[in-house]
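A short write-up of the structure that comes next.
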Amino acid sequence: MRRVLFVCTGNICRSPTAEGVLRGLLSRTGLHTAVQVDSAGTHDYHVGEPPDERAQTHARRRGYELSELRARQLESADFARFDLLLAMDRGHLGILQRQCPGEHRHKLRLFMDFATASDVPEVPDPYYGGPEGFEQVLDMIEDAARGLMAQLNDHLRVST
């Protein structure tokens, strides 16, 4: 079992979208039993709330369901619990690096490192923009999620 945690600021736009997209792709390929996926925020602004309605609407149009997800804040135990902690942008990565015990720092990455069709290093925050921002974020997340799945699939094949 591999465990992946997506991290953004409040856990209502980018990281739950990434969680929902990766879960959906894993389910479609039969890998959902081999990979645990979660998301969290660096801040406690929205703890207990569902993802932003706009994020849910745009994700649903592409076949991803986010409505059951609830925002939570990153916990210190997450660094040991997860195999990969994927930050949506460099600011989140910096926060993770400052909070992470040394023995787990190798688990920290930018999510867009896994993208294959884009060389943009960060997923922009769509919160203050319009619908096109949520679509752009979904395009980027789907790209990076497919790249991540390929690496996870390779790892799972090697370890079995």
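All residue numbers refer to positions in the sequence shown, counting from 1. Values in this document were obtained by computation on a predicted structure and should not be read as measured data.
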Original post:
When you look at M140 and Q136, which way does the side chain to side chain contact (heavy atoms under 4.5 Å, CB included) test go after all the steps?
Top reply: CA-CA 6 Å; M140 296 173 77; Q136 176 192 19; 4.0 Å; yes
Original post:
Under the side chain to side chain contact (heavy atoms under 4.5 Å, CB included) criterion, do M149 and L26 qualify, and how do the steps go?
Top reply: CA-CA 8 Å; M149 275 189 44; L26 289 166; 4.1 Å; yes
**OP:** Apply side chain to side chain contact (heavy atoms under 4.5 Å, CB included) to the pair F134 and D52, showing each step before the final yes or no.
**Re:** CA-CA 10 Å; F134 287 90; D52 184 284; 4.0 Å; yes
**OP:** Walk me through it: do I95 and R98 pass the test side chain to side chain contact (heavy atoms under 4.5 Å, CB included)?
**Re:** CA-CA 5 Å; I95 291 169; R98 286 189 296 279; 3.3 Å; yes
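The aromatic rings of F114 and F111 are tilted relative to each other, their planes meeting at an angle between 30° and 60°.
Judged purely by atom type and a 3.5 angstrom limit, R23 uses its side chain to pair as donor or acceptor with the backbone of V37. Using a distance-only test at 3.5 Å, with no hydrogens or angles considered, a donor-acceptor pair links the side chain of D83 to the main chain of R3. Not a single donor-acceptor pair under 3.5 Å links the side chain of D44 to the backbone N or O of V47. Side chain of R109 to backbone of A87: no donor-acceptor contact under 3.5 angstrom is found. E122 contributes no side-chain N or O that, together with a main-chain N or O of M88, makes up a donor-acceptor pair within less than 3.5 Å. With hydrogens and angles disregarded, no donor-acceptor distance shorter than 3.5 Å links the side chain of S118 to the backbone of A115.
Connection of M112 to L93 is not established within any shared hydrophobic cluster, with ILVMFWY side chains joined at heavy-atom distances below 4.5 Å, either directly or through further cluster members. I141 and V35 end up in the same hydrophobic cluster when Ile, Leu, Val, Met, Phe, Trp and Tyr side chains are linked at under 4.5 Å. Residues L96 and L148 are members of separate hydrophobic clusters, defined by side-chain heavy-atom contacts under 4.5 angstrom among Ile, Leu, Val, Met, Phe, Trp and Tyr. Tracing side-chain contacts under 4.5 Å through hydrophobic residues (I, L, V, M, F, W, Y), one never reaches L5 starting from L22; they form parts of separate clusters. Under the 4.5 Å side-chain heavy-atom criterion for ILVMFWY residues, a single connected hydrophobic cluster contains both F82 and L74.
Interatomic distance, SG of C100 versus NE2 of H106, reported as 8.5 Å (0.5 Å rounding). Taken from CG in D113 to CD in Q151, the straight-line distance is 9.5 Å, to the nearest 0.5 Å. One finds the CZ atom of R62 at 4.5 Å from the CG atom of L138 (value rounded to the nearest 0.5 Å). To the nearest 0.5 angstrom, H92 atom NE2 is 13.0 Å from Q97 atom CD. The SG atom of C13 sits 10.0 Å away from atom CG of L66, with the distance rounded to the nearest 0.5 Å. To the nearest 0.5 angstrom, L69 atom CG is 9.0 Å from T17 atom OG1.
Using a 4.5 Å cut-off on side-chain heavy atoms (C-beta onward), T116 and D143 make contact. Looking at heavy atoms from C-beta onward, D89 lies out of side-chain contact with V123 at the 4.5 angstrom threshold. In this structure the side chain of R90 reaches within 4.5 angstrom of the side chain of P121, judged on heavy atoms. Using a 4.5 Å heavy-atom cutoff, the side chains of L110 and L86 are not in contact.
Salt-bridge formation is not detected for the pair R14/E19: no Lys NZ or Arg NE/NH1/NH2 atom is positioned less than 4.0 Å from an Asp or Glu carboxylate oxygen.
Closest approach of P50 to Q56, counting heavy atoms only: CB-NE2, 3.9 Å. Counting all heavy atoms, side chain and backbone alike, H32 lies closest to S27 at ND1-CA, 3.6 Å.
Under the 3.5 Å distance criterion, with hydrogens and angles disregarded, no donor-acceptor pair is assigned to the side chains of T9 and D125. When only modelled atom types and interatomic distance are considered, S39 and N11 share a side-chain donor-acceptor pair under 3.5 Å.
Sorted by first and then second residue, the side-chain hydrogen bond (donor to acceptor under 3.5 Å, both in side chains) pairs involving residues 64-73 (not counting sequence neighbours) are D38-R72, R60-E65, Y64-E142, E65-S67, R72-D78.
The distance between the ring centers of H104 and F79 does not fall below 6.0 angstrom.
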